[in-house]
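Some notes on the structure that comes next.
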2 protein chains.
Amino acid sequence: MLKISELAEQTGLSAHTLRYYEKHGLINASNRSAAGYRFYTDLDVRRVQFVKTARNTGFSLADIGQLLSIRVDKQSHSCQDVTDITQKKLLEVNAKLAELQSMQQTLELLLESCCGGPENATHCSIMEALDAGLSREDEN
Amino acid sequence: MLKISELAEQTGLSAHTLRYYEKHGLINASNRSAAGYRFYTDLDVRRVQFVKTARNTGFSLADIGQLLSIRVDKQSHSCQDVTDITQKKLLEVNAKLAELQSMQQTLELLLESCCGGPENATHCSIMEALDAGLSREDEN
DNA sequence: GTTGACCTTAGAGTTAACTCTAAGCTTATA
DNA sequence: TATAAGCTTAGAGTTAACTCTAAGGTCAAC
Ligand SMILES: [Zn+2]
Ligand SMILES: [Zn+2]
Ligand SMILES: [Zn+2]
Ligand SMILES: [Zn+2]
């Protein structure tokens, strides 16, 4: 049985974050000491690690709540339930990716166009491009 | 001279957002009516469009504040001042991009591994992978 | 039997960029 | 002149996921 600081160390999450996850219904300590100290079992640890892995994969805490409710009762859920959540997340990630890639391209073009030198910015092509709405050609 | 709602329509920003930008020092109405109504000149409009373009490019409002102070006094700033801001933004974008691409790859692998069917999730490879810390995916 | 580290809770603060509300003026139209 | 639409301000609310604080209780060690 682990105390919260030991679980924190094992998972790389802070004790604050673990309490925050508990408050939001994601995890729980199976046991409490007489004085109210949380004690975590191996099963608790695995659940926290599941949360952490899902978090790293990009799932929101709300998504993870759903995944956890599948996890504790797999019989009552289908693979489609799982792929629905995963697919939805992939679409979100793809949308953000497209946005960021567009920004990346714009920023790279801006940097290519500017001398980046120490003389004054009266001729700066980055400022000109931003003033011109990034040239009317590839507006979306 | 445009009223705030007219500027909003021309720029595609809401009047609320325009007042918010003003409160944060990004824009201003050159004139006010006797009763205090904001009135915007062509120069004001162009400044707002600059802000909007910079926003679409990914710059934060703080970045845009810096870009605007260069814009109003180009003689006192260098191209390097401009590229410093742009370069910093590009690094941020690249970092987020890398993170999202990793998530995308993980999500795609998860989806490939799961049948997505209607039978129960006791055998679901997505759940297994999340339980295993994605170790299967990492090895691929 | 006293440090000092660790634990508890409720609740406030953080971040960015909005978004909205309330209460009261102003302006245009009928 | 009455009505509706639009303007003003200060300030509160939203979102997500923490992050931290205060005030106090507990525990192991010396
Ligand atoms: Zn230059
Ligand atoms: Zn330049
Ligand atoms: Zn299946
Ligand atoms: Zn499956």
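Bear in mind the structure is a predicted one, so any value in this text is a computation, not a measurement. Below, chain A is the first sequence line, B the second, and so on; all start at residue 1.
Side chain of B:S5, nearest nucleotide from C:dA17, C:dC7, D:dC7: D:dC7. Picking from D:dG25, C:dG11, C:dT8 the nucleotide with the shortest atom distance to the side chain of A:Y37 gives D:dG25. Each of D:dC18, C:dT26, D:dT9 was ranked by its minimum atom distance to the side chain of B:A35; first place goes to C:dT26. Listed candidates were D:dT26, C:dC18, D:dA17. Nearest to the side chain of A:Y20 is D:dA17.
No hydrogens or angles considered: a donor-acceptor pair under 3.5 Å links the side chains of A:T41 and A:D44. In summary, the side chains of B:S60 and B:D63 do present a donor paired with an acceptor at a separation below 3.5 Å, with no hydrogens or angles considered.
Protein atom CG of B:L13 is 14 Å distant from nucleotide atom C1' of C:dT19, rounded to whole Å. For the pair B:H16 NE2 and C:dA22 P, the computed distance is 12 Å after rounding to whole Å. In this structure, the CD atom of B:E92 is 11 Å from the P atom of C:dA16, given to the nearest Å. Rounded to whole Å, the distance from CD on B:E22 to C1' on D:dT8 is 11 Å. One interatomic measurement links the two molecules: CZ of B:R19 to P of D:dA12, which rounds to 18 Å at whole-angstrom precision. Here C:dC7 presents its C1' atom at 15 Å from CG of A:L2, a figure rounded to the nearest Å. Here the P atom of nucleotide D:dA16 and the NZ atom of A:K96 are 11 Å apart, to the nearest Å. In this structure, B:I4 places its CD1 atom 14 Å from C1' of C:dT19, rounding to the nearest Å.
The phosphate of C:dC18 (OP1 or OP2) has a side-chain N or O of B:Y21 nearer than 4.0 angstrom. Between A:R55 and D:dC18 there is a side-chain polar atom (N or O) within less than 4.0 angstrom of OP1 or OP2. Not one side-chain nitrogen or oxygen of B:T17 sits closer than 4.0 Å to the OP1 or OP2 atom of C:dA17.
Here A:E92 pairs with A:K89 in a salt bridge; the nearest charged N to carboxylate O distance falls below 4.0 Å.
Across all strands, A:F39 comes closer than 4.0 Å to no nucleic acid atom at all (heavy-atom distances). Residue contacts shown for B:S14 are absent, as no nucleic acid heavy atom lies under 4.0 Å away.
The environment of A:Q104 atom CD is dense: over 12 non-hydrogen atoms of other residues, nucleotides or ligands sit within 6.0 angstrom.
Checking A:R32 against B:A34, the closest nucleotide of DNA chain C that is more toward the 5' end is the one next to A:R32. Summary of the strand contacts: A:R38 and B:H24 both lie near DNA chain C, and taking for each the nucleotide with the nearest heavy atom, the more 5' one is attributed to A:R38. Between B:A15 and A:F59, the one whose closest nucleotide on DNA chain D sits nearer the 5' end is B:A15.
In summary, the aromatic rings of A:H24 and A:Y20 are positioned with their centroids under 6.0 Å apart.
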